[in-house]
Amino acid sequence: MSKVYDHTKIEEKWQQYWEENKFFLKTQNQEIKNIKDKMYLLFAFAYPSGQGLHVGHVESKTALDILARYYRMNGKNVFFPVGFDAFGLPAENYAIQTGVPPVKTTKNAINTFRRQIKRLGISYDFANELATCHPGYYKWTQWLFLQLYKAGLAYQDTGMVNWCPSCQTVLANEQVVDGVCERCDTQVMQKEMEQWFFKITDYKDELIAGLDQVDWPAPTKAQQLNWIGKKDGAEVDFIVVTQSEMDELKDQDALPTTSVALDHTLDQLEKIIKKWYQKQLVGSAVEVPVLDSKVFFSREIWQHFGVKFRSGSERLFRLLAVPKIYSVLTSPCAVVTAREKKIKNGVIKFWSFEEFVDGAVVKVVVRELEHEKHVYSVIWRGENEDSFESKRAQWQQCHENHKNKHKKKKLSCACDPHPQGINTLQLPFLNSNYTEKLLELSRLLQEMPLKPWLDEELLQRVKNRATARISCFTTRLDTVFGATFVAVSPEKFKQLYLLKRVSEKRRGQVKQYLEQALRKTEEERQIGEKDKTGVDTGLKAVNPASGQAVPVYVADYVLSGYGTGAVMGVPAHDERDFAFAKKHNLEIKQVIAWEGREYDDHVWQTYYSDYGQMVNSGRFNGLDFIESLEQLLEEFAYALRPATIYKLRDWLISRQRYWGAPIPIVYDPEGKPHPVKEEHLPWELPTDVDFKPTGESPLKSSLELKARTEKLYGKGWTPESDTMDTFVDSSWYFLRYVASRDETAFSDPAALQKWLPVDFYMIGPEHIVLHLLYSRFFIKFLRDQGYLDFDEPFLKMRHQGMILGPDGKKMSKSKGNVITPDEVVEKFGADTLRMYEMFMGPIEADKPWDVSAVVGIYRFLSRVYQLVQTWSTASNDLEISTHEALQRKLHQTIKKVSADIPALKFNTAIAMMMELINVWEAAVKEETTKKAVVKETAEEVGSPAVISSTDVLAFIKILAPFAPFMAEELYQEIAENQVAKKQIAENPAQSIHLDVWPEWDEALALEQQVAIPVQINGKVRGEVLVAHDQLEEKEVVLAAAKKVESVQNYLKGKKVVKEIYVPGRIVSLVIRLAAK
RNA sequence: GCCGUGGUGGCGGAAUUGGUAGACGCGUAGGUCUCAAAAACCUAUGAGGGCAACCUCGUGAGAGUUCGAUUCUCUCCCACGGCACCA
């Protein structure tokens, strides 16, 4: 009788056979005829943990192995390498506990992994195996660091970093999960340290754009985008004024709700102008800064910046004031009041004047604060038609009485020389429109003598004053009128040196808040998430849109690292600001309204942050977000500018750990960093270190490293003692694979040209963000350095899901739900393990392990084994099979499997093969029964051959990628059959895995008769058999359908009103009661 | 809260992208073999009704489009993953 399926024996035999014959090591030597023929399959770099292979590894490795074997049999030149991401914390932590050096544990772990992988029959090209902890590899990791350093993309910076007190190392933001260390779940602290960074932000825009070039799952792309976090919005400048200044202004009635504060520095102006220029906003209204009584910008200067004067007259000609500059009046007889007021430390001089310009009443207040040498000017505008009209009436009155009345009241007029002798530019009275006034002004400006750029002293003053401006990023510029406070993060408040402006009275309180907030970690701040703490600084800042002077708070709900580190508080339309305002009793001013929805500032409603129509926003009332945007930017251009911010930050690569690639930097006796010379690479990891955590990098304890540095660079030189983040190692390994033994370069240009980019990459969803981002950054950098000629490393990528424990939860030792590959291989064999994991469901889904379901695959493989055994012991050899149903099923199966493998639908491919085996078995049984009628016993009957050797071969070939051991066994066994032997001999391959993939015969795969369902009023009421050559003939099929008995019953006494036939699919009849 | 993914028998999952819902496997029940058990094999297996042919319901809930919806549209519910005081 036939043999029993002995998986252990079979698998050991062929594993050895493949290894001896080096079948899968040949890829590198094969010549590519055509570039399309190469196939670089990449498995995510794995960390060789001491626990050995996990069933999750098996899934993705098997999936890729199936692809590798499939493509090889289809004549592709397949490159399928393997390696180990061997640096990392677990080995080091183990060393701390036991004293066993990481080199040793890592080596053992790799050996275990390699053994297990081979046992699974993964057809890796082991000739190119690599490990990141090998000096031959990390030499080039260090080389990469030096290239980045040379290009200015590796830099040192000090800053607050996440510190894990247990791991004694710095963590990247992304390694902190819910405030605890990703690896050991310890609370993360904040610590200030000198660190190395890679400037990945230089590539932020390209990292976004490149996503269009690759075939990746859309959610992955979305997550990358989210991580880079590009957001368009605007920056809004709030000018800080002290309380005493505020009081003075109030006296002047100079700050009604529609006033505008102006404050500018030179570089800001330059920025604005350039921005306009880039945005091609030539022709818009322009701000004319008058920097000094003697320094004017001529029209030429504006033109030099690419800005044209606006020709329209509807816009106010706005003037900017900076120190020592007063005013340029655009109308001839503005009412100018001059006043002096004594305050504590000096004198404030005020000049205010009103003028009327094309539809707006303008009030300008110029103030000079002697002691601070500051001047603010405020432009105040008529808010609506009514005030405009009344102001105009006033204005005309004023004009009528100009000459005598002004003099009587001792008011000065712009027409007159300035009483204080300050240079005031005067325009002749013009009755004509604004354009002409503008032209006149520009003519006058041109005549003014030009003074060179600001002198040092003035420049310094301008710079100082810049700190008195708080910029806030917002994506909701349409709510700007509703900003009733400004909240600054503690860090930013410190940076801006705002504390010195806080009044004595409050300073202590503010200082105290700052100190305790800065001490808190990011994590601690999050604990009090709903508790919006903050302190009123007593400072006021002027909302550039509403002109309202609003309080400035320091609040730790504002993040320092995002945007500008300060926010404009719009409590009416932002939930956080709302909570803050409620707690601190701040004004809540609704500026957005929605049709059919009420606003009540007592309770927050989610729709308060929805887009809507602007209200309480002056002339912008009624506009929506989009409509207002451009206009706001233009109207308040002196304080608003478009801005884009990113969440992505530079990559912090320093790790205070031992088991990683040393950063190739040495410091001279002055402490200045210098790169290690290339001839000194690899800059080897010393072995004489103390693993015990001390809070300092273990490399500091190495005498060898210190001695080496002094010997090579001189006395007093010291080595960098940090190692690199292991993400650095694992973000370029796929370049090294193609020339993993090259000692002269990081990779071989010819091999790179030949194999890269990677055609298919399979990684777990845990690597979606960082690994991919970093790899893409390296590729783009190396490309810019001329080493590569492609933009994206991974053309096609898919993810494997997670294999869960039988309880549906994530496998973990503590839950006791871990299934190990070894135990399954032991019991059922590697073929069963592979196939079961492929059969569990879609590759990308998370699936629970079903202990009892594994046996289904084992049964299937046993049946395959038995069937082929039975076949090969049959005495008669068939050239061509005569069993029609079996033939059809076989060819349908070849077709389906050939389509499913490249689509990664392994589960349905396996289901189809099972169906085939079911049909095959049934056919054998049928034949046996036929024979049994003649013969008496089963032995006499023997094994009927209903299937030809061509067919058997075809089947085991399509099975081969899934169950490579079984397929090889059967392949070699049926070679004893005469006919099969001939067919196998036609291919010189000594292994089924190097043989040729079978083709299917479309004609044989076709069903002779198709059962077409017949629907009546949408319900299936019968089916009609149609010969396959009549499928296209609508009338024939419809006629036949109507004759079907079950259909007839429904048609009685009814009228068919509609007939639908979808060829090969369905007949649908719509019936009504027949008209009487 | 935001972004993303999904919800189909007792379970894992199919369904040619709008055309007979539940392929394939597990489990379960009954049977064959056996002294018995295990293994293996055979038959049945969405729910309800009927002796039966058949009928009704049924893909998270509700509505819509259609001759026809697991598939498309809208509203809602639930689960999972990522980000999160991100302005």
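Order of the sequence lines fixes the chain letters, A, B, ..., with proteins taken first and strands second; residue numbering starts at 1 for each chain. Note that these values count all heavy atoms, side chains included, but never hydrogens, waters or copies made by symmetry. Only a predicted model underlies this, so the values are computations on that prediction, with no experimental measurement involved.
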Can the ring centroids of A:Tyr858 and A:Tyr5 be said to lie less than 6.0 angstrom from one another?
yes

Pairwise C1' distance, B:A15 and B:G9 [rounded to whole Å]
15 Å

Does A:Ala853 reach a base, just sugar-phosphate, or nothing at all? Heavy atoms under 4.0 Å.
sugar-phosphate

Of the nucleotides B:G25, B:C85, B:G27, which one has an atom closest to the side chain of A:Arg863?
B:G25

Does A:Met914 or A:Gln223 map to a spot on RNA chain B nearer the 5' end, using the closest nucleotide for each?
A:Met914

Check the distance between B:C2's P and A:Asp610's CG and give it to me in whole angstrom.
10 Å

Is any side-chain nitrogen or oxygen of A:Asn1017 closer than 4.0 Å to OP1 or OP2 of B:G68?
no

C1' gap between B:C11 and B:G27, integer Å:
7 Å

Expressed in whole Å, how much space separates the C1' atoms belonging to B:C77 and B:A39?
47 Å

Considering only heavy side-chain atoms of A:Asn918, the closest of B:C24, B:G27, B:C85 is B:C24

To the nearest Å, how far apart are A:Glu915 CD and B:A14 P?
14 Å

Taking any heavy-atom pair under 4.0 Å as a contact, classify A:Lys895: base, sugar-phosphate, or nothing.
nothing

Atom pair distance, as rounded to whole Å: OH in A:Tyr646 and P in B:C83
22 Å

Starting the side chain at C-beta, find the nucleotide from B:C24, B:G19, B:U5 nearest to A:Ala911.
B:C24

Regarding A:Pro842, tell me which of base, sugar-phosphate or nothing describes its non-hydrogen contacts under 4.0 Å with the strands shown.
sugar-phosphate

Using the P atom as the point on both nucleotides, what is the distance between B:G22 and B:G46, in whole Å?
9 Å

Within this structure, what is the CD1-to-P distance between A:Ile768 and B:C83, rounded to whole angstrom?
10 Å

Measuring only the C1' atom in each nucleotide, how far is B:A53 from B:G58? A whole number of Å is fine.
22 Å

Please confirm whether any donor atom in the side chain of A:Gln1015 sits under 3.5 Å from an acceptor in the base of B:G19, or the reverse.
yes

Taking NE2 from A:His573 and C1' from B:C85, how many angstroms apart are they, rounded to a whole number?
19 Å

Using the P atoms only, state how far B:C54 lies from B:A69, rounded to an integer number of Å.
23 Å

Relative to the 5' end of RNA chain B, which residue comes earlier, A:Val769 or A:Thr475, by the nucleotide with the nearest heavy atom?
A:Val769

Specify the separation, in whole Å, of atom NZ of A:Lys647 and atom P of B:C83.
10 Å

Bracket notation of RNA chain B in which parentheses pair within the strand, [ ] cross earlier pairs, and | pairs with another strand (Watson-Crick or G-U, under 3.5 Å):
(((((((..(((......[....)))((((((.......))))))((((....))))..(((((..]....))))))))))))....

Cation-pi check, A:Lys532 onto A:Tyr557 ring (under 6.0 Å, within 45° of axis)
yes

Can you tell me if the side-chain N/O atoms of A:Arg859 get under 4.0 Å from OP1 or OP2 in B:C26?
yes

So A:Tyr836 and A:Ile910, do their side chains get closer than 4.5 Å, heavy atoms only?
no

Can you tell me whether the base of B:U8 sits syn or anti, using the 90° cut around 0 to define syn?
anti

Salt bridge present between A:Arg476 and A:Asp574 (N-O < 4.0 angstrom):
no

Taking 4.0 Å as the cut-off, does a side-chain nitrogen or oxygen of A:Lys1019 come that near to OP1 or OP2 on B:C57?
yes

Checking A:His799 side chain against A:Met762 main chain: does a donor-acceptor pair fall under 3.5 Å?
no

Is any side-chain nitrogen or oxygen of A:Lys905 closer than 4.0 Å to OP1 or OP2 of B:A15?
yes

Among B:C85, B:C67, B:C83, the nucleotide that comes nearest once only the side chain of A:Val1070 is considered:
B:C67

Have a look at A:Asn907 and say if it touches a base, only the backbone sugar-phosphate, or nothing, with a 4.0 Å heavy-atom cut-off.
sugar-phosphate

Do A:Lys532 and B:C85 have a side chain to base donor-acceptor pair shorter than 3.5 Å?
yes

For the P atoms, the ones on B:U75 and on B:C3, what distance do you get once it is rounded to whole angstrom?
13 Å

So what does A:Glu1059 hit on the nucleic acid, given a heavy-atom distance under 4.0 Å: a base, only sugar-phosphate, or nothing?
nothing

Is any side-chain nitrogen or oxygen of A:Lys847 closer than 4.0 Å to OP1 or OP2 of B:G12?
no

Which listed nucleotide (B:G25, B:C26, B:C83) is nearest to the side chain of A:Ser852?
B:C26

Sugar-phosphate only, base, or nothing, as touched by A:Val1020 at under 4.0 Å among non-hydrogen atoms:
sugar-phosphate

Below 4.0 angstrom, N of the basic side chain to O of the carboxylate: do A:Lys1042 and A:Glu1059 qualify?
yes

Polar contact flag, side-chain donor to acceptor under 3.5 angstrom, A:Asp556-A:Ser489:
no

Could you tell me if the ring centre of A:Tyr553 sits under 6.0 Å from that of A:His584?
yes

What residue pairs, at least two apart or across chains, pass salt bridge (Lys or Arg N to Asp or Glu O under 4.0 Å) with a residue in residues 834-861 of chain A?
A:Glu59-A:Lys847, A:Asp65-A:Arg834

Give a yes/no on whether any side-chain N or O of A:Arg1021 is located under 4.0 angstrom from OP1 or OP2 of B:C55.
yes

Atom-to-atom span, OH of A:Tyr5 to P of B:A40 - whole angstrom:
14 Å

Categorize A:Thr474 for me: base, sugar-phosphate, or nothing, with a 4.0 angstrom heavy-atom threshold over every strand shown.
sugar-phosphate

Salt bridge (charged side-chain N to carboxylate O under 4.0 Å, His left out) between A:Asp577 and A:Lys582, intermediate numbers included
CA-CA 8 Å; A:Asp577 297 343; A:Lys582 278 281 161 212; over 6 Å; no

If you look at every strand shown and take non-hydrogen atoms under 4.0 Å, does A:Val567 touch a base, only sugar-phosphate, or nothing?
base

Determine the interatomic distance between C1' on B:G13 and the same-named atom on B:C26; round to the nearest Å.
11 Å

Where does B:G9 land, syn or anti, given syn is within 90° of 0?
syn

Using a heavy-atom cut-off of 4.0 Å across all strands, would you classify A:Ala218 as base, sugar-phosphate, or nothing?
nothing

Is it the case that the ring center of A:Phe485 lies less than 6.0 angstrom away from the ring center of A:Phe580?
yes

With sugar-phosphate meaning primed atoms plus P, OP1 and OP2, does A:Asp850 contact a base, only sugar-phosphate, or nothing at under 4.0 Å between heavy atoms?
sugar-phosphate

B:G82 P sits how many Å from A:Leu225 CG, rounded?
19 Å

